[in-house]
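This one's a predicted model, so the numbers in the text were calculated from it and none came from an experiment. All heavy atoms count here, side chains included; hydrogens, waters and symmetry mates do not.
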Amino acid sequence: MKRKLLAVSYWAAPSILCLVLYWPGLLAWFQQDDFVWLNLPNQAHGWDGLLPALFQPNPVQGSWRPLSERAFFLAFGAVFGADPLPYRIWVFLTQFANLGLVASLTTRLTRSRAAGFWAAILWVANSKLATVMSWTSTYNLVLCGFFLLLALHFFLRYIETSARRYYVWTWVAFLAGFLAMETNVVFPLLAGSYTLLCARKHFRRALPFLAASAVYATLHFILAPNHAEEYTIHIDRAIPATLWSYWQGTFEPVDLPYLSHFSRIFGPTAMAAATVALLGFTVYQAARRQWLATVLLVWYVIALSPVLALRDHVMDYYLTLPAMCLAMLAGYALVCAWRAGMPWKALSVALAAAFLALSLPAAHRRAEWYRSRSEAQEAVVMGVAQAHELHPGKAILLDGVDDSLFSQLISQRPFLFLRIPDVYLAPGADERIAPHPEWGGVAKFVLPVDETRRGLERDEIVVYRVGQGPLKNITHQYVVPARVARAGGPLRLDVADQLAADRLGPEWYGLESGFRWMPRTASLRMPAPRAGQKLFVTAVCPAAQLERGPLEMTLTVDGLRLPAVRFTKANVETTFAFELPAGLQGKSDIGITVEVNRTVRVGADRRDLGLAFGRFEIE
């Protein structure tokens, strides 16, 4: 009985610690990128809509993660809707499985159950796990870790037993990992480095995995290209500096003075001591021709390698899997030091205690920070949902939005998953917010002055102020700031704006989730430009349109035909700039006609579809 209790405790302790540390993350609401994926069920109508929703690459990040992002949010969204707790429980359960696999894998590698136990404890104690344990859309890292660990588990079992079934199961887990995250391409390097240094006769069995990763990587670059500047790959001299930054971050908690009682100097000191200890241990083992420590250190670099070239996007949650490898090395080092004599025991205990003392409070408070952030975002989203129920059919203007709330929430269009499309920032809001070109600018989220005035006059708008506590209805006292009305900013017409419907011709189709389809030809009217201004047109071309080559779009402005442009990228917002003809100044408004050279029908939709709009801006 006592032995069974010890066995249960051995496997349960890391998961219990995970729950104790990160319970605020278990109770966190949705936040930031979550809202993009929460809107997926609204885009999946029938099989024709489900397949693109599941398998279409992310055009911004250049990623393809059908299982960890799309299937996860589609399935849980269909069953649980806007209740975050089931999502969070599933994330925690997956991580519990990861902790068990880390303990088992380290035990097999080191032949020490104690090393496996401490590897799991040190990994879960690392404060860099706070993000994946609190933010649902980072589930891709948790699930990728699961498949990598499972594939390594089966591969080790194959090496131990030579049983073919374990090799087959290695392939199953390895290939499934590609559905979770592109980081899965590193598995052949993990398996290959281990067999090369510790199980040479099995090295050839690891090579076919490398071929599969090469095929995946090639297809990924072709089919899921990156369109965001921050995700641009840079193979240059910045890579060593990026590696060093991540190495420091593995040991030093984020915002240490704010998340614990330690001063800032304790972080670099602990990092330096741990670095000397782990590198010294690795060198010592290598001198004795014991290569496992070298393998685990190499695994850290391998797990980090997919993001080392992203010099403009260094994020602490990218350390989730590399920290796991270093925790395995640390667990191995602790056990070896414990066997070496009293001085080494004392040193190892001191280093482990220092790391835990720094990381544990920081990890918990970081999770609390994420929970607090999610609650602030929940207050805005659910406040808008309540306002929508109180004022059905009316557009909602938000006043008082600052840069932090915009970048973390509003930029993600969080209201679409609740089917509330007509939510805008009040005129002048962009004066308090940074430009944010990564989101196409702030202006496209702001309702233009003339539409705001018209909507207020017709009682088609309600205005709410965002601040501490619940949203406050300020419709009756709200007026457009005079400086904004006089500024003469860009003249903008958002086709997906219900308040702009009276400026659209009868050809346009009805509103959908944040956009509006046009047929082959559609028309609209806009205020006339001032001297020197250009017309900017933003639309999305569906993939089905490009199956027969680039799609051509032609604009006619007040009877004058402009040079045609071509869409070559599918399912991403594309903006074209047009020089406007002379003689338009002084008019009250102008007529614009949009025409494409062909239409397409998608699935069961019997409409002839041209482009999905979109915005027209004169500036």
* With under 30° as parallel and over 60° as perpendicular, where do the rings of F92 and F96 fit, or are they tilted in between? ->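 The rings of F92 and F96 stand perpendicular, inter-plane angle above 60°.
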* Asked: Hey, what's the ring geometry for F445 with F406, parallel, tilted or perpendicular (30° and 60° as the breaks)?
  ->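 Taking F406 first and then F445, their aromatic rings stand perpendicular (interplane angle over 60°).
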Would you confirm whether [X], through its side chain, and [Y], through its main-chain N or O, come within 3.5 Å as a donor-acceptor pair?
X: Y10; Y: R113; result: yes
X: Q377; Y: Q32; result: yes
X: S305; Y: I302; result: yes
X: S213; Y: L210; result: no
X: N126; Y: A323; result: no
X: E368; Y: Y22; result: no
X: K128; Y: E252; result: yes

* Counting only heavy atoms not in F221, do more than 12 sit closer than 6.0 Å to its CZ atom? ->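 No - once you tally the heavy atoms of other residues, nucleotides and ligands closer than 6.0 Å, there are 12 at most.
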Mind listing the closest non-hydrogen atom pair of [X] and [Y] along with its distance?
X: F30; Y: P84; answer: CZ-CA, 3.5 Å
X: A103; Y: T107; answer: O-OG1, 2.7 Å
X: M181; Y: C144; answer: CB-CB, 3.8 Å
X: L67; Y: A180; answer: CB-N, 4.5 Å

* Does any non-hydrogen side-chain atom of F117 lie less than 4.5 Å from one of W11? ->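 Heavy-atom side-chain distance check fails, nothing below 4.5 Å.
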* Can you tell if the side chain of V295 reaches within under 4.5 Å of the side chain of C198, non-hydrogen atoms only? ->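 A side-chain contact under 4.5 Å exists here.
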What distance separates [X] [atom1] from [Y] [atom2], expressed to the nearest 0.5 Å?
X: L334; Y: L329; atom1: CG; atom2: CG; answer: 9.5 Å
X: L40; Y: L74; atom1: CG; atom2: CG; answer: 5.0 Å
X: L129; Y: D316; atom1: CG; atom2: CG; answer: 10.0 Å
X: T106; Y: L296; atom1: OG1; atom2: CG; answer: 7.5 Å
X: Q412; Y: F35; atom1: CD; atom2: CZ; answer: 8.5 Å
X: L143; Y: T138; atom1: CG; atom2: OG1; answer: 11.5 Å

Exercise answer: donor-acceptor pairs, residues 274-288 side-chain atoms, under 3.5 Å, sequence neighbours excluded:
residue: T275; atom: OG1; partner: W247; partner atom: NE1; Å: 2.7
residue: T275; atom: OG1; partner: M271; partner atom: O; Å: 2.7
residue: T282; atom: OG1; partner: L278; partner atom: O; Å: 2.8
residue: Q285; atom: OE1; partner: R288; partner atom: NH1; Å: 3.0
residue: Q285; atom: NE2; partner: Y332; partner atom: OH; Å: 2.9

* Apply ring-ring contact (aromatic ring centres under 6.0 Å, His included) to F209 and list each qualifying residue two or more places apart in sequence or on a separate chain. =>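 Partners of F209 under the ring-ring contact (aromatic ring centres under 6.0 Å, His included) test: F155, Y167, W171, F174, F187.
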* Passing candidate, side chain to side chain donor-acceptor pair (under 3.5 Å) with T131, options Y318, Y370, Y317 ->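 When side chain to side chain donor-acceptor pair (under 3.5 Å) is applied between T131 and each of Y318, Y370, Y317, only Y370 qualifies.
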Do the side-chain N and O atoms of [X] and [Y] include a donor-acceptor pair separated by under 3.5 angstrom?
X: T94; Y: Y139; value: yes
X: R70; Y: Q56; value: no
X: Q95; Y: N98; value: yes
X: W299; Y: S193; value: yes

* Is the charged tip of R373 near the ring of W135: under 6.0 Å from the six-membered ring centre and within 45° of its axis? ->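 Yes; both conditions hold, so R373 lies above the ring face of W135.
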* R88: what forms a salt bridge (charged side-chain N to carboxylate O under 4.0 Å, His left out) with it, not counting sequence neighbours? ->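 Here no residue qualifies.
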* Does R413 have any salt bridge (charged side-chain N to carboxylate O under 4.0 Å, His left out) partners at least two apart in sequence or in another chain, and if so, which? ->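 Per chain and number, R413 pairs via salt bridge (charged side-chain N to carboxylate O under 4.0 Å, His left out) with no residue.
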Scan the side chains in residues 336-362 for donor-acceptor partners under 3.5 Å anywhere in the protein, sequence neighbours excluded, and list what turns up.
residue: S348; atom: OG; partner: W344; partner atom: O; Å: 3.1
residue: S348; atom: OG; partner: K345; partner atom: O; Å: 2.8
residue: S359; atom: OG; partner: F355; partner atom: O; Å: 3.1

* List the steps, then state whether side-chain contact (heavy atoms from CB on, under 4.5 Å) holds for T136 with F76. => CA-CA 12 Å; T136 306; F76 278 75; over 6 Å; no
* **All pairs passing side chain to side chain donor-acceptor pair (under 3.5 Å) where residues 145-160 contributes a residue, at least two apart** =>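 Pairs touching residues 145-160 that pass the test: R108-E160, R157-E160, R157-Y166, Y158-R205.
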